[in-house]
Q: 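For reference, the structure I am asking about is given below.
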Amino acid sequence: REGLSEDGDDEDGGFETAICLLTGAVMKSGTIRRTKRDFRPPGACTLHARKVGSGIGIFFLVQKCTILLMHNNKSAYSSSLYVDE
């Protein structure tokens, strides 16, 4: 459970829980606020996609109930595969 505090709470307001649908890893999505206009370090999902998927990642964003699709430095959001009815 990398990226989460010991009790699983989201301590940082800009982060939310993401689950990798390829490996099952749980992490915080989002990035640190920009310090300079032209530079933003990659977030946990980007780094995970680079490490295990050659830049390709599929993540379930728990709080937003959406899917994050990643390919290298491009990303898109999709409606959730999971629906409560």
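Only this structure's heavy atoms are used, side chains among them; waters, hydrogens and symmetry mates stay out. No experiment lies behind these values; they were computed from the predicted model shown.
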Q: Does K28 offer a backbone N or O that forms a donor-acceptor pair with the side chain of E16 under 3.5 Å?
A: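 Flag not set: sc E16 to bb K28 has no pair under 3.5 Å.
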Q: Closest approach of P42 and L47, non-hydrogen atoms and distance?
A: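 Closest approach of P42 to L47: CG-CD2, 3.8 Å.
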Q: Got a sec, which residues hit side chain to side chain contact (heavy atoms under 4.5 Å, CB included) with S78, two or more places apart in sequence or on another chain?
A: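 Partners of S78 under the side chain to side chain contact (heavy atoms under 4.5 Å, CB included) test: I67, L69.
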Q: To the nearest 0.5 Å, how far apart are CE in M70 and SG in C45?
A: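 Rounded to the nearest 0.5 Å, the CE-SG separation comes to 6.5 Å.
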Q: Identify the heavy atoms of Q63 and T17 that sit nearest to each other, and give their distance.
A: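 In this case the closest contact between Q63 and T17 is OE1-N, 3.0 Å.
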Q: Heavy atoms only: give me the nearest A18-L61 pair and the separation to one decimal.
A: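 Looking at all heavy atoms of both residues, the shortest contact is CB-CD2, 3.7 Å.
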Q: With the side chain counted from C-beta on, respond yes when I19 and V62 share a heavy-atom pair under 4.5 Å apart, and no when they do not.
A: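 Yes. Closest side-chain heavy atoms under 4.5 Å.
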Q: Got a sec, which residues hit side chain to side chain contact (heavy atoms under 4.5 Å, CB included) with I56, two or more places apart in sequence or on another chain?
A: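 Here the qualifying residues are H71.
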Q: As an exercise, state the distance from CE of M27 to CZ of F59, rounded to the nearest 0.5 Å.
A: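 One gets 5.0 Å once the value is rounded to the nearest 0.5 Å.
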Q: My understanding is that only residues two or more places apart in sequence, or in another chain, count here; which of them pass side-chain hydrogen bond (donor to acceptor under 3.5 Å, both in side chains) with S75?
A: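 None.
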Q: How far apart are the closest heavy atoms of S80 and F60, and which atoms are they?
A: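 That would be OG-CE1, 3.5 Å.
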